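Since this is a predicted model, take the numbers as computed values, not measurements. Any value given below was found using the heavy atoms of this structure, including those in side chains, with hydrogens, waters and symmetry copies removed.
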Amino acid sequence: MGGRKSSTRVHVVSDVHGNAEALARAGDGADALICLGDLVLFLDYADHSRGIFPDLFGIENADRIVELRTARRFDEARDLGRRLWAGLDREQLIEGAVRRQYAEMFAAFPQPTYATYGNVDIPGLWPEYAGPGITVLDGQRVEIGGRVFGFVGGGLPSPMRTPYEVDEEEYAAKVEALGEVDVLCSHIPPEVPELCYDTVARRFERGSEALLAAIRRTRPRYALFGHVHQPLARRMRIGGTECVNVGHFAATGRPWALEW
């Protein structure tokens, strides 16, 4: 990445889910990279052989748990999980696997990178891997090229019970702490049905009422997010704000670009 005299260009990615090879190229041609989280690959719904779950329990069990979750049979999926994890040190095994993925992913980040957490990330581990040139923000703002970017990481409680879900009050407090920004960056979308519905998983993902209220109240130029891998609508306008799902980077390997 290199500086530009007349304009600023940032590339934005989300839902990286283990695609370190593409991540290493994601900042090419940009002044900065923004990452909206979900670095960890626990289970690839498109390729059930990839991720922490199949590494531990095999593809057949990965096929079964995806089938149950897709059918919204969450109680049966949790029962299957409990049987598989019985007698194992779940916390230690997951942390070890996540650490190996983080070592690879953070080494691939270009500089400078501005990043926030996704709902499958483990924030407590990031300080060990985020070296110079990588700025981690959650409920915080930063100026890039003369524009103010605000970042809100993580997700809201869901039946999936992923690692970084916070209650609605805590999430709303992080949104409120940003104040007025030019670009509102989050992992999850604002609570709008077309932005939250995944057409392949055939379910609504959690969106945030607090984000939607902030967009209507403060009217940022852009609201950028990920989380929904195959959304019914990738972008829409809410008042004067362009709301954009920047895409499922794990599948596409392509960043979304913003230039001014």
Side-chain angles (χ1 to χ4, degrees), residues 1 8-17 23 26-27 30-39 109-121 123 126 130 133-156 164 166 170-192 195-196 205-229 231 234-249 254-260:
M1 293 191 286
T8 300
R9 180 184 176 93
V10 296
H11 287 175
V12 189
V13 301
S14 184
D15 301 86
V16 181
H17 295 304
L23 184 62
D31 297 292
L33 178 72
I34 289 174
C35 178
L36 304 181
D38 271 11
L39 302 182
F109 272 131
Q111 298 182 18
T113 288
Y114 301 89
T116 195
Y117 316 112
N119 59 297
V120 303
D121 289 314
W126 280 34
I134 301 172
T135 304
V136 180
L137 303 119
D138 187 13
Q140 297 162 290
R141 318 153 36 112
V142 69
E143 184 176 320
I144 304 172
R147 289 191 176 180
V148 177
F149 288 68
F151 290 79
V152 184
L156 292 167
Y164 189 42
V166 302
E170 182 178 348
Y171 195 91
K174 293 194 295 184
V175 175
E176 181 68 22
L178 300 179
E180 294 187 6
V181 298
D182 295 303
V183 184
L184 177 56
C185 299
S186 58
H187 178 67
I188 64 174
E191 181 59 52
V192 176
L195 300 176
C196 293
E205 301 288 356
R206 285 297 307 264
S208 167
E209 293 279 4
L211 285 171
L212 180 59
I215 290 167
R216 288 172 170 160
R217 185 178 68 253
T218 66
R219 293 178 287 182
R221 296 170 187 256
Y222 290 93
L224 308 179
F225 48 86
H227 187 51
V228 184
H229 293 178
R234 290 205 171 276
R235 59 195 302 164
M236 67 165 53
R237 293 191 74 85
I238 298 176
T241 301
E242 186 74 17
C243 300
V244 182
N245 183 320
V246 300
H248 181 203
F249 186 76
R254 295 189 301 274
W256 185 83
L258 177 63
E259 189 166 5
W260 64 95

Shortest non-hydrogen contact between D15 and H227, atoms and distance
OD1-N, 2.7 Å
Would you sort out whether E205 and I188 count as a side-chain contact (heavy atoms from CB on, under 4.5 Å), showing the intermediate values?
CA-CA 8 Å; E205 301 288 356; I188 64 174; over 6 Å; no
Atom pair CG (L33) and OG1 (T113), whose distance is rounded to the nearest 0.5 Å:
4.5 Å
Check the orientation of F149 and W260. Use parallel for under 30°, tilted for 30 to 60°, and perpendicular for over 60°.
tilted
L36 versus C185: any side-chain heavy-atom pair under 4.5 Å?
yes
State, to 0.1 Å, how close H17 and V120 come at their nearest heavy-atom pair, and which atoms those are.
CE1-CG2, 4.0 Å
Shortest non-hydrogen contact from G145 toward T8
CA-OG1, 3.7 Å
From OG1 (T135) to CD (Q111), nearest 0.5 Å
9.5 Å
Assess the residue pair I34 and I144 against the criterion (side-chain contact (heavy atoms from CB on, under 4.5 Å)); give the C-alpha distance rounded to whole Å, side-chain angles, the decisive distance to 0.1 Å, and a yes or no.
CA-CA 10 Å; I34 289 174; I144 304 172; 4.2 Å; yes
Shortest non-hydrogen separation from L178 to G139 and the atoms involved
CD2-C, 3.6 Å
With side chains defined as the heavy atoms from C-beta onward, is the minimum distance between V192 and C243 less than 4.5 Å?
no
I want to check something: taking the side chain as every heavy atom from C-beta on, are P189 and N245 in contact at a cut-off of under 4.5 Å?
no
Flag side-chain contact, heavy atom, 4.5 Å: R234 against W256:
no
Quick check: closest heavy atoms across G153 and K174, and the distance to 0.1 Å?
O-NZ, 2.9 Å
Can you confirm whether Y222 sits close enough to V12 that some side-chain heavy atom of one is under 4.5 Å from a side-chain heavy atom of the other?
no
Roughly how far, to the nearest 0.5 Å, is the CD1 atom of I215 from the OG1 atom of T241?
6.0 Å
From D38 atom CG to H229 atom NE2, the distance as rounded to the nearest 0.5 Å:
6.0 Å
W126 vs L39, side-chain contact (heavy atoms from CB on, under 4.5 Å): CA-CA, chis, key distance, verdict:
CA-CA 11 Å; W126 280 34; L39 302 182; 3.7 Å; yes
For G154 and Y164, work out which heavy atoms get closest and say how close.
CA-CD2, 3.2 Å
Is any side-chain heavy atom of F151 less than 4.5 Å from a side-chain heavy atom of V136?
no
What do the steps show when you test Y171 against L211 for side-chain contact (heavy atoms from CB on, under 4.5 Å), and what is the final call?
CA-CA 9 Å; Y171 195 91; L211 285 171; 3.4 Å; yes
Is there a side-chain contact between D138 and P123 in this structure, where contact means two heavy atoms from C-beta onward sitting under 4.5 Å apart?
no
